Trainee: 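This structure is in structure tokens; I'll ask about it shortly.
Atoms within each ligand, like the ligands themselves, are counted from 1 in listed order. The model shown is predicted, which means the values in this text are computed figures rather than measured ones.
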Amino acid sequence: MAGIDDILALAPVIPVLVIDRVEDARPIAEALVAGGLPALEVTLRTPVALDAIQAMNAVPGAVVGAGTVLDPGQLAAARDAGAEFVVSPGLTERLGVAARDSGLPFLPGVATAGEIMRARDLGFSRLKFFPAEAAGGIKALKGLAAIFGGVRFCPTGGITQDNAQTWLDLPAVVCVGGSWLVPAGEPLDRAAIRARAEAAAGLRRV
Ligand code: 3PG
């Protein structure tokens with residue numbers, strides 16, 4: 001099984017997906033993978049999210065994870081649906097222990113030094129900096145990264161094609177996440193999704 005470093009290395013951007021119609025799941029995944037973004041985060045925020053994970057898993061090359069995982073029950077449901085990695089907006093001890101026990105690659109969310117320390121205590125050093133822009137932006141992450149040498153981040157929250165490169169230029173940033181590739185509520189437009197994915201896949205990492 002791949003580790004979290006393998007997942008984060010797949011592309012400079014992980015699309016954060018809110019899927020409302022399960023029939024859109026497969027074409028969205030196909031367009032994103034074709035555009036060069038294989039790691040896909042399906043948020044557990046809609047009733048069809050687990051079915052969407054299953055549908056996307058059938059797309060060759062897609063590496064599908066579950067996002068917005070809040071507790072051990074949701075982690076187990078995501079694993080059963082075939083999620084290959086798990087992302088959470090924050091971290092509780094219960095969720096951290098369950099993630100560790102599951103063996104699934106796990107990217108917990110943090111926004112402060114204390115939260116990073118708790119994540120390290122639980123054995124996690126690849127973290128989602130969330131909500132990145134609102135939690136202090138690049139200045140805040142630079143300050144945190146200077147303290148926690150071995151920690152690497154995937155900033156998410158307020159990141160767009162226009163500001164992603166500035167984040168990716170930080171040595172502590174391995175990739176970024178964002179919902180701009182498939183804006184919520186937009187009617188399915190495969191060509192537009194693929195074009196956005198291609199632009200995102202062209203971003204550089206240091
Ligand atoms: C997430 O779940 O990571 C965020 O909702 C993504 O934030 P964004 O919509 O600002 O990209």
Side-chain angles (χ1 to χ4, degrees), residues 4 7-8 10-20 24-25 28-29 31-32 35 37-50 52-53 56 63-71 74-75 77-78 81 83-92 95-96 99 104-112 115-116 119 124 126-141 144 151-168 170 172-186 189 192-193 195-201 203:
I4 190 65
I7 307 281
L8 301 179
L10 286 170
V13 178
I14 298 180
V16 175
L17 304 168
V18 181
I19 306 291
D20 288 311
D24 291 347
I28 285 173
L32 290 168
L37 302 181
L40 311 176
E41 176 188 334
V42 178
T43 59
L44 301 191
R45 292 184 215 162
T46 65
V48 302
L50 293 171
I53 290 172
M56 288 183 169
V63 178
V64 187
T68 324
V69 172
L70 304 180
D71 57 47
Q74 290 187 336
L75 183 119
E84 293 178 73
F85 65 98
V86 169
V87 185
S88 66
L91 182 59
T92 65
L95 181 60
L104 278 172
F106 181 44
L107 185 72
V110 296
T112 66
E115 290 166 11
I116 296 170
F124 303 109
R126 302 295 181 258
L127 307 173
K128 165 173 168 158
F129 179 53
F130 176 79
E133 288 287 344
I138 288 195
K139 257 189 176 169
L141 188 59
L144 293 167
V151 178
R152 295 290 176 272
F153 298 91
C154 174
T156 306
I159 298 187
T160 64
Q161 179 69 31
D162 291 337
N163 65 11
Q165 189 61 62
T166 330
W167 286 95
L168 289 164
L170 302 184
V173 169
V174 278
C175 61
V176 300
S179 64
W180 82 87
L181 299 126
V182 185
E186 182 188 84
D189 183 341
I193 294 169
R196 285 186 216 114
E198 282 171 353
L203 293 163

Trainee: Would you say the side chain of Glu41 lies within less than 4.5 Å of the side chain of Cys154, judging by non-hydrogen atoms?
Mentor: no
Trainee: Please examine the side chains of Phe153 and Leu170, heavy atoms only from C-beta on, and report whether any two atoms are closer than 4.5 Å.
Mentor: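 No - every pair of side-chain heavy atoms lies 4.5 Å or more apart.
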Trainee: What I'd like to find out is whether the side chain of Val173 reaches to under 4.5 Å of the side chain of Phe129, using heavy atoms alone.
Mentor: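 With C-beta onward as the side chain, the pair stays apart.
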Trainee: Under 4.0 Å, heavy atoms only, figure out whether ligand 1 is touched by the backbone of Trp180, its side chain, both or neither.
Mentor: neither
Trainee: So do the side chains of Trp167 and Ile138 get within less than 4.5 Å of each other, counting heavy atoms only?
Mentor: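 They are in side-chain contact.
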Trainee: Do any heavy atoms of Gly157 fall under 4.0 Å from ligand 1?
Mentor: yes
Trainee: Ignoring angles and geometry beyond distance, decide whether Thr156 reaches within less than 3.5 Å of ligand 1 through its nitrogen or oxygen atoms.
Mentor: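 Not met; the criterion fails.
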Trainee: Using a 4.0 Å cutoff against the non-hydrogen atoms of Gly178, which atoms of ligand 1 qualify?
Mentor: 11 (O)
Trainee: Would you check if Leu127 and Glu115 make a side-chain contact, meaning some heavy-atom pair closer than 4.5 Å?
Mentor: no
Trainee: Tell me, do Val13 and Trp180 make a side-chain contact under 4.5 Å, heavy atoms counted?
Mentor: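 A side-chain contact exists here, since the closest heavy-atom pair is under 4.5 Å.
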Trainee: Can you name the atoms of ligand 1, numbered from 1 with element, that are less than 4.0 Å from a heavy atom of Ser179?
Mentor: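 Those of ligand 1 that fall under 4.0 Å from Ser179 are 8 (P), 9 (O), 11 (O).
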Trainee: Any nitrogen or oxygen of Arg45, side chain or backbone, less than 3.5 Å from one on ligand 1?
Mentor: yes
Trainee: Should you measure from each heavy atom of Lys128, which atoms of ligand 1 turn up under 4.0 Å away?
Mentor: 1 (C), 2 (O), 3 (O)
Trainee: Under 3.5 Å, N or O to N or O, is Gly158 touching ligand 1 that way?
Mentor: yes
